[in-house]
Amino acid sequence: MKYVNERFQDGKNKEVVLMCIGITSGVGRLLFGRIADYMPGVKKVYLQVLSFFFIGLMSMMIPLCGVFGALIAVCLIMGLFDGCFISIMAPIAFELVGAQDVSQAIGFLLGFMSIPMTVGPPIAGLLRDKLGSYDVAFYLAGIPPLIGGAVLCFIPWIHTKKQREIGKTTGGEKMEKMLENQNSLLSSSPGIFKKESDSVI
């Protein structure tokens, strides 16, 4: 809001920017939550990649908005994909770690998210004091989501590779158990036949 007050001093109802983010965030949670229901397994990560990409891009576009209407449009898009990020976070954690560890995974995720959310505003304020503008702060704020989205692209590939390795090891263990059971049956069969022959005699 400080940036909006500095950049658009003549504009009225500047609080509408926050309202736009809140409304479209709610719409995004409903919309992308429904879309995620039709996406199989870890493929939901690609929705998260999309949300990170747009959040980072819109953050970097805020300083480029010379008209208040353009800023509102940017905030509407940012709010929409913020809702996507919030609604997809828990299902992705569930798909990656399973039902047993999902609460711990979400706790770690929220813990790591709290660090930039706490440190970010003071750094933005320091940059504003040093440079006289919030523009650099918005540009820098857009970089981590873009990097995070690029890293997230590899998660489905890593997960499927890990699942295949687990499948191979469990398949090998099952085969060993079957062979052991078969060997034990074969080793015990002569004794059974002998008992049967003795009983017949």
Side-chain angles (χ1 to χ4, degrees), residues 17-65 71-121 123-124 137-174:
V17 172
L18 291 177
M19 197 186 342
C20 289
I21 293 174
I23 290 168
T24 51
S25 179
V27 172
R29 294 177 197 201
L30 296 171
L31 177 66
F32 286 102
R34 190 66 178 164
I35 292 169
D37 291 339
Y38 296 102
M39 295 194 75
V42 191
K43 301 294 182 184
K44 295 179 180 71
V45 171
Y46 293 122
L47 277 179
Q48 198 76 304
V49 169
L50 192 69
S51 70
F52 278 178
F53 176 76
F54 274 98
I55 288 169
L57 191 64
M58 293 302 112
S59 295
M60 297 174 88
M61 283 185 69
I62 287 172
L64 304 176
C65 296
L71 181 64
I72 289 175
V74 165
C75 289
L76 287 170
I77 297 169
M78 184 186 283
L80 188 70
F81 286 97
D82 174 72
C84 173
F85 164 69
I86 297 295
S87 64
I88 301 298
M89 184 170 58
I92 286 175
F94 180 84
E95 294 289 346
L96 290 175
V97 301
Q100 189 174 359
D101 299 321
V102 69
S103 58
Q104 191 175 3
I106 293 171
F108 275 117
L109 193 60
L110 294 174
F112 280 115
M113 281 173 57
S114 67
I115 297 168
M117 291 178 79
T118 305
V119 177
I123 291 174
F138 281 114
Y139 291 135
L140 292 175
I143 294 170
L146 294 175
I147 295 171
V151 172
L152 271 175
C153 289
F154 296 101
I155 297 294
W157 177 73
I158 293 167
H159 187 262
T160 50
K161 190 178 178 183
K162 195 173 181 182
Q163 291 294 103
R164 282 176 190 167
E165 288 175 0
I166 291 167
K168 283 179 182 177
T169 54
T170 53
E173 287 174 2
K174 284 181 182 177

Let me check something: any side-chain donor-acceptor pairs from residues 101-112 under 3.5 Å, sequence neighbours excluded? List them with distances.
none

Solution key, residues 40-60 side-chain donor-acceptor pairs under 3.5 Å, sequence neighbours excluded:
| residue | atom | partner | partner atom | Å |
| --- | --- | --- | --- | --- |
| Lys44 | NZ | Met39 | O | 3.1 |
| Gln48 | OE1 | Ser51 | OG | 3.3 |
| Ser51 | OG | Gln48 | O | 2.7 |
| Ser59 | OG | Ile55 | O | 2.9 |

For residues 138-150, run the donor-acceptor check on the side chains, cut-off 3.5 Å, and write out each pair with its distance to 0.1 Å, sequence neighbours left out.
none

Sequence neighbours excluded, which residues qualify as side-chain hydrogen bond (donor to acceptor under 3.5 Å, both in side chains) partners of Arg164?
-> none
Restricting to pairs with a member in residues 140-154, which pass side-chain hydrogen bond (donor to acceptor under 3.5 Å, both in side chains), not counting sequence neighbours?
-> none
Report all side-chain donor-acceptor pairs from residues 71-100 shorter than 3.5 Å, counting only partners two or more places apart or in another chain.
| residue | atom | partner | partner atom | Å |
| --- | --- | --- | --- | --- |
| Asp82 | OD2 | Ser25 | OG | 3.1 |
| Ser87 | OG | Gly83 | O | 3.1 |
| Ser87 | OG | Cys84 | O | 3.2 |

